[in-house]
J.: 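Here it is: the structure, laid out below.
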Number of protein chains: 2
Amino acid sequence: MNIGEVSERSGLPPKTIRYYEDINLVRPLRSDNGYRSFRESDIHKLAFLGRARALGFSIEDCRTLMDLYEDETRESAQVKAVAKEHLAEIDNKIAQLKSMRETLSHLVEACQGDHRPDCPILKDLSRGV
Amino acid sequence: MNIGEVSERSGLPPKTIRYYEDINLVRPLRSDNGYRSFRESDIHKLAFLGRARALGFSIEDCRTLMDLYEDETRESAQVKAVAKEHLAEIDNKIAQLKSMRETLSHLVEACQGDHRPDCPILKDLSRGV
DNA sequence: ATAGGGCTTCCAGCAACTGGAAGCTCAAGG
DNA sequence: CCTTGAGCTTCCAGTTGCTGGAAGCCCTAT
């Protein structure tokens, strides 16, 4: 199967699929004409990767998860550890964004947003050095 | 004032300060020995930038905000518009992260995390292609 | 034969720095 | 006076995860 069809079936852009091959996340075969030739198992892998990425896992995490997936002797504790760590990172990011949101929304509310130059947002950003 | 002291006073790493000069966010003078020579106004600017970045504004937003800050004829509506747009982006990111968090936390809870290979996390990631 | 679409590779660029190498400057100590 | 070490300089490369574009081959249809 050529990359175009694989792209449609996996939901990943061709560029991304080529990139994943570059970094050895998938290893499609090659046809005589030089085209990549994907097996069903490659598509399966790519879809797996797409879903892991959609959950925010880093590429390296994805690699680890794929390896665990293909390792029959894995322990679910290993998978859970990766996921829990990622979950903690997500929580950190959410907390950070919420704190930004908090500050920023107050400032936005305090700003008249009219034709005059006075602005609490700029005032806050430029507060004492 | 040399970059080291400016770094301490502004809270930005020297590398970052040099980078901000590269992209013309600050324009320190130069001493005869070639060292950057910062004025108080430069430190003020850098602190401003640091706070804007801490609120998650992009570098380009920071540039815009700095320009507005220095423009006496600005209208606060311009500032507010930039801030509101950024706030919306933050809200989007939070929503996205929350949705990931939702899915992921369910999966993590469902995973035994023991020595056996069976794992709902991997099962979900590899669900029907 | 030619046009088009799909495929290939490779190079560059995005954001916002960060690390490291090579080398100059300056102040202090022996 | 010389050396040592910290601090400064520039420049290049790498980070993350792609994405865009150029140049060119392949295949099918007209």
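The sequence lines fix the lettering, A, B, ..., with proteins before strands; numbering per chain opens at 1.
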J.: In the 5'-to-3' direction, what one-character label does each nucleotide of nucleotides 5-17 of chain C receive under the scheme B = base within less than 4.0 Å of a protein heavy atom, S = sugar-phosphate only, - = no such atom?
T.: -BSBBB-----BB

J.: Side-chain contact test, heavy atoms from C-beta onward, threshold under 4.5 Å: evaluate it for B/I59 versus B/Y20 and give yes or no.
T.: yes

J.: Mind checking the OG1-CZ spacing from A/T103 to B/R51? Nearest 0.5 Å is all I need.
T.: 12.5 Å

J.: Compute the angle between the rotation axes at the two ends of the helix from C/dA1-D/dT30 to C/dG30-D/dC1, each taken over five pairs, rounded to 10 degrees.
T.: 40°

J.: Can you tell me the distance, in whole Å, between the CE atom of B/M1 and the P atom of D/dG7?
T.: 16 Å

J.: Does A/R53 use its side chain to pair, donor to acceptor, with the backbone of A/G50 at less than 3.5 Å?
T.: no

J.: Using a strict 4.0 Å threshold on nitrogen-to-oxygen distance, state whether A/D114 and A/R116 make a salt bridge.
T.: yes

J.: In this structure, how many angstroms lie between the P atom of D/dG7 and the CD atom of B/E8, rounded?
T.: 9 Å

J.: What distance do A/E109 atom CD and A/L104 atom CG have between them, rounded to the nearest 0.5 Å?
T.: 10.0 Å

J.: Measure the shortest side-chain to side-chain distance between B/S105 and B/V108 over non-hydrogen atoms and say whether it is less than 4.5 angstrom.
T.: no

J.: Taking side chain as C-beta onward, heavy atoms only, is A/E40 less than 4.5 Å from A/M1?
T.: yes

J.: Does the pair A/E21 and A/R36 meet the rule for a salt bridge (charged side-chain N to carboxylate O under 4.0 Å, His left out), with working shown?
T.: CA-CA 10 Å; A/E21 184 191 17; A/R36 287 171 185 80; 2.4 Å; yes

J.: Within residues 81-100 of chain A, which residues have any heavy atom lying less than 4.0 Å from an atom of DNA chain C?
T.: none

J.: To the nearest 0.5 Å, how far apart are NE2 in B/H86 and OG in B/S58?
T.: 8.0 Å

J.: Please name the pair of heavy atoms, one in A/S37 and one in A/S31, separated by the smallest distance, quoted to 0.1 Å.
T.: CB-OG, 3.5 Å

J.: Rounding to a whole Å, what distance do you find between A/R63:CZ and D/dG17:C1'?
T.: 12 Å

